[in-house]
Amino acid sequence: MTPEQVTEELLTVVKDNIYVTWNEEDESIKKMIAKNAVYLQSKVSTTLSFSPESLEYGLLIERCRYDWNRALDEFEQNFASELLGFIQHYALQEYIAGDGNGE
């Protein structure tokens, strides 16, 4: 995801989550969203959609909150269970999409 691909809906949800009501920082927030989307994408080989109903959507919003508060060093520890479930979910989907033999 690039900053240009960040939807207004996603930008609004992230801004609400970090309690930003002004628009002056929209471009930097879009860059932050894109950077954190790349981080989550690096955890799985499936191309992620970041749609509101996806697993990665909530993780992206929370990771942006940690990034905004300069606490990224705590994200993986605090969201270890969610990250593991996220990675396992997509690994299982890839396994099932194959022939079921892990190929």
Side-chain angles (χ1 to χ4, degrees):
M1 177 182 291
T2 65
E4 295 78 26
Q5 294 171 314
V6 174
T7 64
E8 286 302 313
E9 177 188 0
L10 179 55
L11 177 62
T12 300
V13 170
V14 169
K15 285 175 66 174
D16 287 348
N17 197 44
I18 60 176
Y19 301 103
V20 171
T21 57
W22 55 93
N23 297 326
E24 290 79 14
E25 296 192 60
D26 283 5
E27 289 308 310
S28 65
I29 293 171
K30 285 181 179 182
K31 289 176 185 176
M32 177 183 69
I33 293 169
K35 175 185 76 170
N36 288 302
V38 169
Y39 163 83
L40 290 171
Q41 182 62 67
S42 75
K43 300 294 181 192
V44 297
S45 58
T46 303
T47 301
L48 300 174
S49 69
F50 297 101
S51 61
E53 61 278 348
S54 66
L55 288 173
E56 62 270 14
Y57 190 78
L59 283 170
L60 177 59
I61 292 166
E62 289 303 318
R63 182 154 168 96
C64 288
R65 181 170 61 90
Y66 274 69
D67 193 357
W68 183 258
N69 291 305
R70 301 189 186 353
L72 282 179
D73 57 322
E74 298 174 21
F75 178 79
E76 285 191 7
Q77 179 180 351
N78 292 344
F79 283 84
S81 176
E82 291 86 348
L83 284 169
L84 181 59
F86 161 72
I87 293 166
Q88 288 176 335
H89 171 80
Y90 284 106
L92 182 59
Q93 278 191 341
E94 287 181 33
Y95 179 79
I96 292 170
D99 63 4
N101 293 322
E103 297 177 17

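Since the structure is predicted, the reported quantities are computational estimates derived from the model, not experimental observations.
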Problem - Atom pair CG/CD1 of Leu55 and Ile87 - distance to nearest 0.5 Å - result: 11.5 Å
Problem - Separation of Cys64 SG from Leu10 CG (nearest 0.5 Å) - result: 7.0 Å
Exercise for the section: Might you point out which heavy atoms bring Ala34 and Pro3 nearest each other, and give the distance in Å? Expected result: CB-N, 3.6 Å
Problem - Thr46 backbone acceptor or donor facing Gln41 side chain under 3.5 Å - result: yes
Handout entry: Residues Arg63, Glu82: salt bridge by 4.0 Å N-O rule
Key = no
Practice task
Could you check Ile33 against Ile61 for side-chain contact (heavy atoms from CB on, under 4.5 Å), going step by step and ending with a plain yes or no?
Solution key: CA-CA 8 Å; Ile33 293 169; Ile61 292 166; over 6 Å; no
Handout entry: Leu48 vs Met1 side-chain heavy atoms within contact, under 4.5 Å
Key = no
Problem - Any side-chain heavy-atom pair of Val14 and Met32 under 4.5 Å - result: yes
Exercise for the section: Tell me, with the steps shown, if Asp26 and Lys15 meet side-chain contact (heavy atoms from CB on, under 4.5 Å). Expected result: CA-CA 9 Å; Asp26 283 5; Lys15 285 175 66 174; 2.7 Å; yes
Practice task
Answer yes or no: is there a side-chain heavy-atom contact under 4.5 Å between Asp67 and Lys35?
Solution key: yes
Problem - Polar side chain donor-acceptor pair, Glu9 to Thr7, under 3.5 angstrom - result: no
Exercise for the section: Using a strict cut-off of less than 4.0 Å between a Lys/Arg side-chain nitrogen and an Asp/Glu carboxylate oxygen, indicate whether Glu8 and Lys30 qualify as a salt bridge. Expected result: yes
Exercise for the section: Just grab all the ring pair (Phe, Tyr, Trp, His ring centres under 6.0 Å) pairs involving residues 54-73, residues at least two apart or on different chains. Expected result: Tyr66-Phe75, Tyr66-Phe79
Completion exercise
dist Asn69:CG -> Tyr19:OH (nearest 0.5 Å) comes out at 10.5 Å
Handout entry: Pairwise side-chain contact, Val6 with Lys31, heavy-atom cut-off 4.5 Å (strictly under)
Key = no
Problem - Single-linkage hydrophobic cluster, 4.5 Å side-chain cutoff, Leu84 and Leu60 together - result: no
Handout entry: Same cluster (ILVMFWY, side-chain, under 4.5 Å), Leu72 and Ile18
Key = yes
Handout entry: Trace of the side-chain contact (heavy atoms from CB on, under 4.5 Å) decision for Phe50 with Gln5
Key = CA-CA 11 Å; Phe50 297 101; Gln5 294 171 314; over 6 Å; no
